[in-house]
Each structure stands twice: as structure tokens, then as C-alpha cells.
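Chain letters run A, B, ... following the sequence lines, proteins first and then strands; every chain starts at 1.
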Amino acid sequence: MPRPPTKPALNSPFLPLAASLPSPRALPPTRLSPEKRPRRLSSAAVSAAASTSFSADPSAELRALCSHGQLAQALWLLESSAEQPDEDAYVALFRLCEWRRAVEPGLRACAHADDRHAWFGLRLGNAMLSMLVRFGETWQAWRVFAKMPERDVFSWNIMVGGYGKAGLLEEALDLYHRMMWAGVRPDVYTFPCVLRSCGGIPDWRMGREVHAHVLRFGFGGEVDVLNALMTMYAKCGDAVAARKVFDSMTMMDCISWNAMIAGHFENGLLSDISFAKEMHGLAVKRGFATDVAFCNSLIQMYASLGMMGQARTVFSRMDTRDAMSWTAMISGYEKNGFPDKALEVYALMEVNNVSPDDITIASALAACACLGRLDIGVKLHELAESKGFMSYIVVANALLEMYAKSKHIDKAIEVFKCMPEKDVVSWSSMIAGFCFNHRNFEALYYFRHMLADVKPNSVTFIAALAGCAATGALRSGKEIHAHVLRHGIGSEGYLPNALIDLYVKCGQTGYAWAQFCAHGAKDVVSWNTMLAGFVAHGHGDTALSFFNKMVKTGECPDEVTFVALLCACSRGGMVNEGWELFHSMTEKYSIVPNLKHYACMVDLLCRVGQLAEAHNFINEMPIAPDAAVWGALLNGCRIHRHVELGELASKYVLELEPNDAGYHVLLCDLYADAGRWDKLARVRKTMRDKGLDHDSGCSWVEVKGVVHAFLTDDESHPQIREINTVLEGIYERMKASGCAPVESHSPEDKEVSKDDIFCGHSERLAVVFGLINTAPGTLVSITKNQYTCQSCHRILKMISNIVRRDIIVRDSNQLHHFKDGSCTCGDEGYA
DNA sequence: TTAGGGTTAG
């Protein structure tokens, strides 16, 4: 025996149900592997049964009905007959139920037998076990197993395998141990059953122990057992041991090759294209290339290497393809950045009448999410519902993401709420989905709720950090940072970059810099994030020298790098540097400027007053300018009060984005600053007609780890009276010192100032709320969804001077750090 | 005349 029996042997007929056994409620939902076709009755068996004359013997009658496949009648007979059927009749009925996958009748027959038997004989017990395990009824199977005084290796195999399949991996290993203690000699089927659970946990030590048993019991030459061993080692991350098993095999089948490829792939060892091709060639030579599962593996192998052409060749040469073959192609295209091709393959699959499985639908949904194809996504949703796939967590998760990425977050919430079980992916997708839909508030709310339910992973943290960064929730972000450190995953995936971004966006350049320096595997994103941080804080010179350092280190800049750099030049009025960088993009770095770069250049030229040059620049663009490019010109015209050119720009802007409230407001500001009240009124009327007149300005401020949101003219906050009193006080002090802001009033409408209508003032409420609820000297950090208006900008500068506090306002456009009466933005655009 | 191992996933 491999181990001394420390637990009582599980061999008595009246064995107490051990406490370690799972309760029925604890059983996880099972996704049963694709069904093996139920065996059909041979025609000989049917005719033999048909020739049996019906007798008064209910057992014989029951057997005959079963052999004719008349399940309903058989069940009726069983339940209505007063007499107890014999063991053979029961066995026939259970087998029929198993073949038919008739769960409900099977369970009824099971209850019938259970009521009338104190114990089950070997044949009857095994038939019941087999059926129950096939149905995923692990708990019922355990009850039957406990009522079997005699058990053979088959009974044990079913139990070990069944528990493993139901996801009760630890329990499966426990059963295997008990089998050993009971002195049952394992057979060739036992090892694959138990090794599956070792790999699934994964439990390498136990796997090695089972490996020793394999050798001790003399199964070291069995292909099936060795295949299972190889897979177990691969799943436990021991590619070397897996390879050793593979090399020791004197006989192998296509499963061996498949396990080898899959094992290498899982352990990330298949990055070598020539090795992959060699594996392919060898397998073809040995005649395995016709096996469907093997070809599916090859497709996946090539897809993971980004070689979709090769994958397609394998796919097209297959004589028969199953749903997995199609799914492997769909997911391959989707993962390699060809979601449109993925959907083409899916359409072709439909034309070929291949029924998609849950993973096909999940993969196709992922492609829809990439493309924002809500139309196809909705059809897939309907299909998933009709096929009963909504209970599969992968399908629901893929659906969530599709809806979130198609800007239908409410639909995603609906799907999420209907999910009976949610895993870390479901929660992470919702958090990321909220951020994607600019509903960061809810992202953090979901994150907090998630912690009570599911253990977060690096993807969750990245999504939650994005939510904090977007709302400027520094304290919540720091809390998440602490979680990350506790989980020991601070350097996992994109987490280091997400942390740099958090601190940059919350105005904590020092922390960001510390994170950047500590990040051992910096990539272009790390550099870009830090660079954007310097730019946002108005450190244009630092940004440029940082860029030089980046290039010297050997990091290759990308288009994002240049957006940040051109932005720095624009903010700092560095026209020459801007032109130099713009030209270097194509000349030095082979980066084709995109619309964002053009918009930055227009902004740069406009800010230094070169409006005509900016206009020329737009006219000479090799690509069609978008609203942002014209918008930059419009903004420049607003700053320099150039109404005519501004009107021209606004014509293009509003043609391209007719329903954007922001651009309308910009035009209003242009007219207001130039004192053109007639034209201003006209734009305001257009806005009213289009329903764009409601101010959706919103500012967030985090106090003691809770993010508070303020809307324009928000009177709903519990502390609003206090806030207003403080605001008034500040106003009085400003007046007394003779620096109260001048509001530009419209002469026709003396009651309402320009700022009251358009600027929102929500940042004023949020700033004051932050000031009165935090300790003296603490930095107050606000995030706003629109750009800060001139009046608020002036007032906040003054407030920072009066109260001697640092105030950071991150608006939709830039970051303002107010200190001692001035702002880091250099008052650009706030002249 | 019952069982096992390989492939597709967010």
C-alpha cells in the first residue's frame, strides 16, 4: 500500500457518510464533456427482446420494454407494479436511461430502487453509479456507492472519474486513496481517471505518487496511461517530466502527439516556429494528420504562433471538421486581431450546418466585441438562449463584454444580474465595462462588492485602477495598490503600468516616478504613461529630456509617444520643437502621423497665434481632418477671438459632429468672448432644439476613500448648505481684496451669466466639499468630465491662494494644479 | 457489458 491507512477503509456496507464529503449544494455546476454517442441496441438484441412473449412477470416485461427502448412505459410499469423487479430489470432500465440521457426518469428509477433496497448488488450498483455519474449527480452516486457492500475496480473507477469530472478534484484524489487503502488493485482505466484530477488541481506531488503507483502495478508500458501521465505533468507545469514520459514511450498514438503539443503550448514552450513545424511534419509522417482532434491542436498551435495562414491550410485539408475545428479558427482569427475574419468563418460554419457549441458562441461574441457588432452579438445572444447556453459562464462572460464594448452597459448589467454564478472574469469584465462606458463610479462600486464574493486577479486590479485613475480616487487607488502588494502580483501583466497611470492621473508624479523606476520590465506603455504624466503637469522640458532618455535606452517610441510630445510642445508654446518632432516621426521613426497628431499640431499653431498657418496646415493634410482637428482650430479662434475663422471651423466641426454638446459650447464661448450676443443666442436656440442644452457637467472628489459626485447646480448633497456658505465666504474675501471675478453678462439677459449656463460650477462645489472635509494642508483632487471654464479657473486660482491649499483639477482636457494663486497649465486658453 | 487519456474559452 502506498500509504498507511490513516482513514477508515471505505468498505463497509453501512459506512457513515463521512464529513469530508461534499453536500449536494456544494457541488459546482458541471460542464460535462461532449457526450459519447449512446450505444444503440444491436438489431439482434432488439429482435430477441421482441420475440420474448410478455408474461405476468413484471421483471421480464420491464426488461422487454427496456430492450425495445420504451422508456415511458417501462417507468410506468416500474412505478405502478406492486411487485419488486429483479436486479436485471433495474439494470436494463438504468442503462436505457443512461443511453437516452433521460435524467428525470433515471432519477425516478433511482429513487424507486433506493426506497426498496437496504443495499445494492455489484451489477445493480455499478449500473446506477454509471448513470448517475454521467448525469453529473455526484451526490446521488455517493449515496449508492455507500450502499454497496461489494465494490470492484469498476465501481471505484466510476467514482474517481466522476468526482474528477464534476470538478471535485480533491475528493476524487481522496477516493483514490481510499481505493488503495481498501486493497483494490487498480487497472488501466484507474490511472487516467485519477491523473486527470492531479493535473486539474494541479497537484504535482500527488501526480508523482500516482506515477510511482503506475510503475509499481506494472502499467508503465500502457499508451493510455502514459498519455495521461504526460498531460498531468504538463498541467502541473513540469514540461521536462512530460517530455521524459514522451521520450520513454515505445508506442505512441495520435493522442500522445496531441498531448505533447498541447503540453508544450500550455507551458509556453512553443514559441519556436521551426520546432512546431517539425512536430507537424513528424506527426504527418506517422499518419496522425487525419485525426480531427489532432488537427484541431495543430490549428491552435499555429494560431498561437500567429501563423493563421498555416492554420488555415491545416483546416482546409481536413476531411471532416467538428465544432472545435471551426471554433479554433474563429478564436485564432479573433486573437490575432482579425475579428472580421473570425465572423466570416462563423458565417461559413452556419452555412455548413455545423452546430456551434458554447465556446464557438463565446469566441464569436469576442469578435463582435472587438468590432462593436451589436447586431450579430444580439443574434448570438438569442442563439445562446435557445441552445440553453446561458448557464455556461464563458458564454455569459463573453456576452457581458460584447454588450459593454458595444456601449450597451445596461444590457451587460442585465446579463450579469441573471448569472447564477459569477467568477472573477464576470466581475472584472463588468468593472472594465463600466470604465469603458465612462461610468467609473459604478466600476468602483462593483469592485468593492466583488471583494466579498470572489478573489480578484491582476485583470480585475487593472480595471479597478483604471476606474480610480479616471475619477481621481487616489485613496481607493492606494487601497487597491495595497491589495496588489498583499497578493504579491505587483509585477504581473500590465499592473505596473496601471499603477504608474493611477498616480499620474491623480496628480502624484512622485509616486508615479517611484513606480516607474521600480518597474523592472518597462515597455513603451510604461514610458508613454510617465511621459504623459510630465506633460499633464506642465513639465514640458522634463518631458522632452525624458523622451531623449527613452530613445537612448533603446525603447522605440510609438504614435502614442508623439501625441504626448506634441501635446507638451503645444502646452509649452514650443513651436520649433513641435515641428521638429512632427517631421522626425516619418523621417526617423517611420510612424505615419494620425488625426491625433494633426490635431496636436493645429493646437500648437493656434496657441501661439498662428491661426492662418493652422488653417493652411489643415488644408494640406494628406488625410481628411476630423472634428477634433477642426475643433482645435475653433478653440484657437476662441482664445484669440477670431470670430470669422472660428465660424468656418465650427461649420466643419458641426457637420462632422452635429450632436456634440461640447463643440456647441465652444462656439458659444467664442461668441460670448467676442461679445456677439445675437449669434450666441442663435447657437443656444439650436442647442435647445437639438436637446443639447442640459448641462451634464459632473465633478468627482474622493474624501476618506469615498468618491462623491457633484452635478451642475447640485443641491442634493447633504452638505450643500455648508458648501454654499463657505463659497459665499470665499466670495466675500475676494471682493474685499478687490479681486472678485468679472462675469461676462449678456446684455439681453441680465439675470443669467454666461458661466451659470455653461461652466457647470460642479468643480467649485466639489473643491469646497473637499476643502471642508479634509485636514488642513491636504491636497484636494477633483476630476471633471468637461473642461474647466474660465471663471472657475480664475476662482480656483484665488481659492488656492486664500486657503493655502494645493488643488488639482483634472478636466476632460488637461490637468490643473492650483498652488498659491497660479496654475501649472500656464493659463493656456484661460487668458 | 458499463470507465480513461488529447483539441476549442472569457
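Distance from the side chain of A:Glu401 is smallest to B:dG10 among B:dG10, B:dA3, B:dG5. Listed nucleotides B:dG5, B:dA9, B:dA3 differ in distance to A:Ala228; the shortest reach to its side chain belongs to B:dG5. You'll find that the side chain of A:Thr231 is closest to B:dG6, out of B:dT8, B:dT2, B:dG6.
Of the N and O atoms on the side chains of A:Ser406 and A:Lys411, not one donor lies less than 3.5 Å from an acceptor on the other residue.
Using a 30° and 60° split on the angle between ring planes, A:Tyr90 and A:Phe94 fall in the parallel class, below 30°. Ring geometry, A:His381 versus A:Tyr403: the interplanar angle exceeds 60°, so the pair is classed perpendicular (tilted spans 30 to 60°).
Using a cut-off of 4.0 Å between Lys/Arg side-chain N and Asp/Glu carboxylate O, A:Lys341 and A:Glu344 are scored as not salt-bridged.
Atom-to-atom, CE of A:Met324 to C1' of B:dG6 comes out at 10 Å; the value is rounded to the nearest Å. Taking atom CD1 of residue A:Ile261 and atom C1' of nucleotide B:dT8, one finds them 15 Å apart after rounding to whole Å.
Contact annotation for A:Cys254: base contact, defined as any heavy-atom pair under 4.0 Å involving a base atom. A:Asp187 comes within 4.0 angstrom of a base, heavy atoms only. Among the heavy atoms of the strands lying under 4.0 Å from A:Glu334 are primed sugar atoms or P, OP1, OP2 only; no base atom is included. Nucleic acid contact class of A:Phe191 (heavy atoms, under 4.0 Å, all strands): none. Residue contacts for A:Ile393: at a heavy-atom cut-off of 4.0 Å it reaches a base atom on one of the strands shown. Residue contacts shown for A:Ser331 are limited to sugar-phosphate atoms, with no base heavy atom under 4.0 Å away. Contacts of A:Lys235 with the nucleic acid, taken as non-hydrogen atoms under 4.0 Å apart, involve only primed sugar atoms and P, OP1 or OP2.
One N or O donor and one acceptor, one from the side chain of A:Asp253 and one from the base of B:dG5, sit under 3.5 Å apart.
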